[in-house]
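A short worksheet on the structure shown next.
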Amino acid sequence: MKSNQLARQVAQEISKQILARDFEPGQHISAQTVANDFGISRSPVREALQLLLDAGLVVQKPNRGFFVTDSQQQLERSNALSAALEDEQSDYQQIADDWRRDALPEEVTEQYLRNRYGITKARLNDLLVRAVREGWAERKPGYGWRFLTVAKTPEAFEKIYHFRMVIEPAAMLDPDYEIDLQMLANLKRIQMRMLDHDIEHQPLERLLSVGAGFHEELIKFSGNPYFHQSLVRVNQMRRLLEYRTVFNRERFVEQTQGHLAIIELLERGEVIEASYNMRRHLSGALKKKSPLLWSQEDANLGKT
């Protein structure tokens, strides 16, 4: 992925975290910590921080780095930057939505997509590279692009959850699983704020991102990077399908309460119980989401 596109995505996520008060006014933002969280190099992180600096969301202090501004206009600035970056991604969402609705052929050329969406070659390349990264497109050998069905159908969604129901509880039982109490406290704070404020006020994309982040942070405790990498990949792959489920804020309340129950078990060192609870949590989520996807699939078939 081109660094400028990746930098915009990182800047967008940090701006949302500032808006959600994951970063408090005056808090230091470590470039290395952000790079570690995203699994990327420091170069695009520095570009992202420069975007935030230009937008007035952070200030740069000589020899100390970047700090969240404590300006009273912080909220407005964060909203404005987030909205601007969202606009840059509208074409990506349109292509993804058209692919979900079978409005695009499985194999396409870049010229076909440029003509259909009226975008530049450079912009299209950024969008397609992102689609590759999120697991639903690939470049054909020699010429053209192919869209993948792995995370497009209800069957694919169910298989992703079945996979998660295997690896996430198993990761907790790994001999090297070590609970990071500081991270656990941070996750608890985020989940509590979800119940107190965010579920009612944050957009769907932010709520989905927080939910995925919770599971990805817990699986890191295993110390096995393959568990983490696999979960990140399938979370990316299911993201397109998550947008097809009905946006029910009550579902997020139940989900967050489940997360807090797992956190409380880990706080007490009851890892086996937490593993069992994790599997039950994922199974319950699948039972609630799967019928919604199947009903939409049936509705789409009825229109054809």
Side-chain angles (χ1 to χ4, degrees), residues 1-90 92-93 122-123 126-127 129-130 133-134 180 182-194 196-214 216-217 220 232 235-236 239:
M1 175 178 290
K2 290 186 177 180
S3 61
N4 60 344
Q5 173 69 9
L6 182 55
R8 288 196 295 272
Q9 292 181 25
V10 173
Q12 181 184 34
E13 182 59 30
I14 295 176
S15 72
K16 290 177 181 178
Q17 291 176 337
I18 292 174
L19 178 61
R21 295 287 179 165
D22 288 347
F23 290 112
E24 298 290 345
Q27 181 176 340
H28 177 237
I29 300 181
S30 165
Q32 186 60 59
T33 299
V34 174
N36 293 341
D37 289 344
F38 282 86
I40 58 178
S41 69
R42 288 167 57 95
S43 179
V45 174
R46 286 193 291 267
E47 291 183 42
L49 290 172
Q50 186 61 50
L51 288 172
L52 296 171
L53 179 65
D54 294 342
L57 285 176
V58 301
V59 295
Q60 187 174 17
K61 300 182 180 181
N63 302 318
R64 296 185 60 192
F66 293 89
F67 294 79
V68 178
T69 180
D70 57 4
S71 167
Q72 293 182 352
Q73 296 178 326
Q74 180 194 90
L75 183 62
E76 290 79 5
R77 289 171 173 173
S78 182
N79 276 322
L81 179 61
S82 182
L85 292 170
E86 286 283 1
D87 287 343
E88 290 185 4
Q89 297 189 48
S90 61
Y92 175 84
Q93 298 298 340
R123 177 75 171 274
D126 284 344
L127 300 178
V129 170
R130 178 180 171 186
R133 187 182 182 199
E134 296 195 355
D180 182 336
Q182 182 176 354
M183 175 55 68
L184 201 62
N186 185 52
L187 291 174
K188 186 173 185 177
R189 178 177 61 83
I190 292 172
Q191 298 301 310
M192 291 297 293
R193 192 178 59 242
M194 287 278 285
D196 293 340
H197 176 272
D198 291 357
I199 292 175
E200 288 298 323
H201 299 94
Q202 293 294 331
L204 174 60
E205 181 181 355
R206 172 63 182 167
L207 300 181
L208 292 175
S209 177
V210 170
F214 168 80
E216 290 167 11
E217 288 298 334
K220 281 183 183 178
V232 169
N235 275 342
Q236 291 170 338
R239 185 166 299 169

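- Annotation: cation-pi pair K61/F66 absent, no NZ/CZ under 6.0 Å from the ring centroid and within 45° of its normal.
- Of all heavy-atom pairs spanning A11 and A48, the tightest one is N-CB, 3.7 Å.
- R8 contributes atom CZ, which lies 8.0 Å from atom CG of L51 (distance to the nearest 0.5 angstrom).
- By the side-chain contact (heavy atoms from CB on, under 4.5 Å) test, D54 pairs with Q50, sequence neighbours left out.
- With values rounded to the nearest 0.5 angstrom, M192 atom CE is found 13.5 Å from L187 atom CG.
- When every heavy atom of A35 is checked against every heavy atom of S41, the shortest pair comes out as CB-O, 3.9 Å.
- Within the 4.5 Å cutoff, no side-chain heavy atoms of V210 are placed close to those of D198.
- Using a 4.5 Å heavy-atom threshold, the side chains of L207 and M194 count as touching.
- Side-chain contact between L57 and V68 is absent, with no heavy atoms from C-beta onward closer than 4.5 Å.
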Checking K220 against D180 for the salt bridge (Lys or Arg N to Asp or Glu O under 4.0 Å) test, could you report, in this order, the C-alpha distance in whole Å, the side-chain angles of both residues, the deciding distance, and whether it holds? CA-CA 9 Å; K220 281 183 183 178; D180 182 336; over 6 Å; no

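- For the pair P25/T69, no side-chain contact is recorded, criterion being any heavy-atom separation below 4.5 Å from C-beta on.
- Note: N186 CG to Q191 CD = 10.0 Å, rounded to the nearest 0.5 Å.
- Once rounded to the nearest 0.5 Å, the distance linking CZ of R42 with OG1 of T33 reads 9.5 Å.
- Taking CZ of R46 as the start and CG of L53 as the end, the distance is 14.5 Å to the nearest 0.5 Å.
- Taking each heavy atom of H28 and R64 in turn, the nearest pair found is NE2-O, 3.3 Å.
- Around the CD atom of Q182, the shell of radius 6.0 Å holds no more than 12 heavy atoms that belong to other residues, nucleotides or ligands.
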